[in-house]
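The model shown is predicted, which means the values in this text are computed figures rather than measured ones. Positions are given from 1, in the same order as the sequence printed here. In listed order, ligands and their atoms are each counted from 1.
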Amino acid sequence: MLPVDPVNPDPAVIAEAAGVLRKGGLVAFPTETVYGLGANALDPSAVARIYEAKGRDPNDPLIVHIADMEDLALVCRGVSPLAQRLAAAFWPGGLTLVLPRGARVVPAVSAGLDTVAVRMPSHPVARALIRLAGVPVAAPSANRFMRTSATTAAHVLDDLDGRIDLVLDGGPADAGIESTVVSVDGGVVTLLRPGVITVEAIESVVGRPLAQPGARAATGSPGMMERHYAPAAELVYLPDAPIAELVSRARAEVARGRETGILLADADAPGLEDEGFTVERLGPEGDLETVAGSLFAALRRMDTAGVEVIFARGFSRAGAGLAIDDRLRRASTRRGR
Ligand code: TXA
Ligand code: MG
């Protein structure tokens, strides 16, 4: 793990990391959304190592990261005027575009699809690293497959220590939640994953409502898996319940002897400190960016504390709230383990 200044990254540190990438190694690095686990997107064995290190399903495609607009032509073919408009509006930043895949990108990056997801991050460390590596960098979130995304370098090591070559520690990721993923197919922009860029902001550029993935895509398409972003604990998401109900259910679990946690907003039910359960307050109810950015770290702290069951409240689904609701739903889907 190498510390790096997030605003003015030390060129020597970036050079070392870029060298690892060029040799086919894996480097975890901070972005403005979450930490990414990077490899050279043009090197088949480097890309294979990402799937291995994460334990990732080979059918779940990766995002390719670029540092400059010129690199888009290397990664994709036939970038439509609408895709260009979206890139101009939101890059560098937290929007990922799914476009036709360019010939030089390793097919495994896209899990064999003829499309590729691409994004230009704004984080100075990410940009400097990609630029100096001189190649597009395939990077999923730097967590073990199906786990909560890493928002700090320590989270990366918790999941991936011994499996990757280097972590650049640039402090906590700014947003703390992943990019928004949309596909652009002709004039149709489809929301594949809500994230840090709001649907409202994208629609204001597109000029009409985003399409929703069809029923088949929602279950069968890559990365849209129901169960994802999961803490070790059972997560009970109660988006419509009053806070009093979460509190009484948490009390009942404590009475049964289970390690219990509860995810709330700052002002909810003050004075829960001596109830025998862990309380995580995600931020002011009305500040959805803060709540979204606190969620993954809070879930990881619950895991570290040995919590077995977590009750989570709902928030408004407007703006950044859509991503909060998506992650809590996926984290709460029952699974057979
Ligand atoms: O903020 C982020 O997006 C972070 C940082 C590191 O950039 N990356 C990230 O990557 O969250 P990952 O691999 O955890 O999520 C990538 C998402 C998945 O939902 C994946 O299925 C989708 O993008 N995706 C990638 N390629 C795709 C494609 N060709 N078609 C449809 N979805 C795709
Ligand atoms: Mg991920």
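Residue Y229: no N/O/S atom is found under 2.8 Å from the Mg ion (ligand 2).
Aromatic ring orientation, H65 versus F29: perpendicular (interplanar angle above 60°, classes split at 30° and 60°).
Note that R300 lies outside the cation-pi zone of F296, set by a 6.0 Å cut-off to the ring centre and a 45° limit from the axis. Geometrically, R327 engages Y229 in a cation-pi contact defined by less than 6.0 Å to the ring centre and at most 45° from the axis.
Salt-bridge check for R313 with E285: passed, with a basic side-chain N closer than 4.0 Å to an acidic carboxylate O. Using a cut-off of 4.0 Å between Lys/Arg side-chain N and Asp/Glu carboxylate O, R49 and E52 are scored as not salt-bridged. The existence of a salt bridge linking D325 and R317 is confirmed by a sub-4.0 Å separation between a basic side-chain nitrogen and an acidic carboxylate oxygen. Between R258 and E234 there is a salt bridge, with a side-chain nitrogen of the basic residue lying less than 4.0 Å from a carboxylate oxygen of the acidic one. Remark: R147 does not engage D158 in a salt bridge, criterion side-chain N to carboxylate O under 4.0 Å. Between D68 and R131 there is a salt bridge, since at least one side-chain N of the basic residue sits less than 4.0 Å from a carboxylate O of the acidic one.
Near V34, meaning under 4.0 Å from one of its heavy atoms, ligand 1 places the atoms 4 (C). Of all the atoms in ligand 1, the ones that sit under 4.0 Å from a non-hydrogen atom of H65 are 5 (C), 6 (C), 7 (O). Atoms of ligand 1 lying under 4.0 Å from any heavy atom of D60, numbered from 1 in the order shown and given with element: 20 (C), 21 (O). Against a heavy-atom cut-off of under 4.0 Å, L62 is close to the following atoms of ligand 1: 25 (C), 26 (N). For ligand 1, the atoms lying closer than 4.0 Å to a non-hydrogen atom of L113 are 28 (C), 29 (N), 30 (N). Within the listing of ligand 1, atoms 31 (C), 32 (N) sit less than 4.0 angstrom from a heavy atom of L192. When each atom of ligand 1 is checked for a heavy atom of T115 under 4.0 Å away, the hits are 28 (C), 29 (N), 30 (N). Heavy-atom contacts of E178 reach the following atoms of ligand 1: 1 (O), 2 (C), 11 (O) (cutoff under 4.0 Å).
Shown are L37, I164, V34, N143; of these, the side chain to side chain contact (heavy atoms under 4.5 Å, CB included) with V156 is made only by I164.
For S179, heavy-atom contacts with ligand 1 shorter than 4.0 Å involve the backbone as well as the side chain.
Considering backbone and side-chain N/O of R56, one or more are found under 3.5 Å from N/O of ligand 1. In terms of polar-atom proximity, defined here as any N/O pair under 3.5 Å, R119 does make such a contact with ligand 1. Ligand 1 has no nitrogen or oxygen under 3.5 angstrom from a nitrogen or oxygen of T31. Residue T33 has at least one N or O atom closer than 3.5 Å to an N or O atom of ligand 1.
Using a 4.0 angstrom heavy-atom cutoff, R101 does not count as in contact with ligand 1.
Between the choices D114, I50, I63, the shortest heavy-atom distance to atom 16 (C) of ligand 1 belongs to I63.
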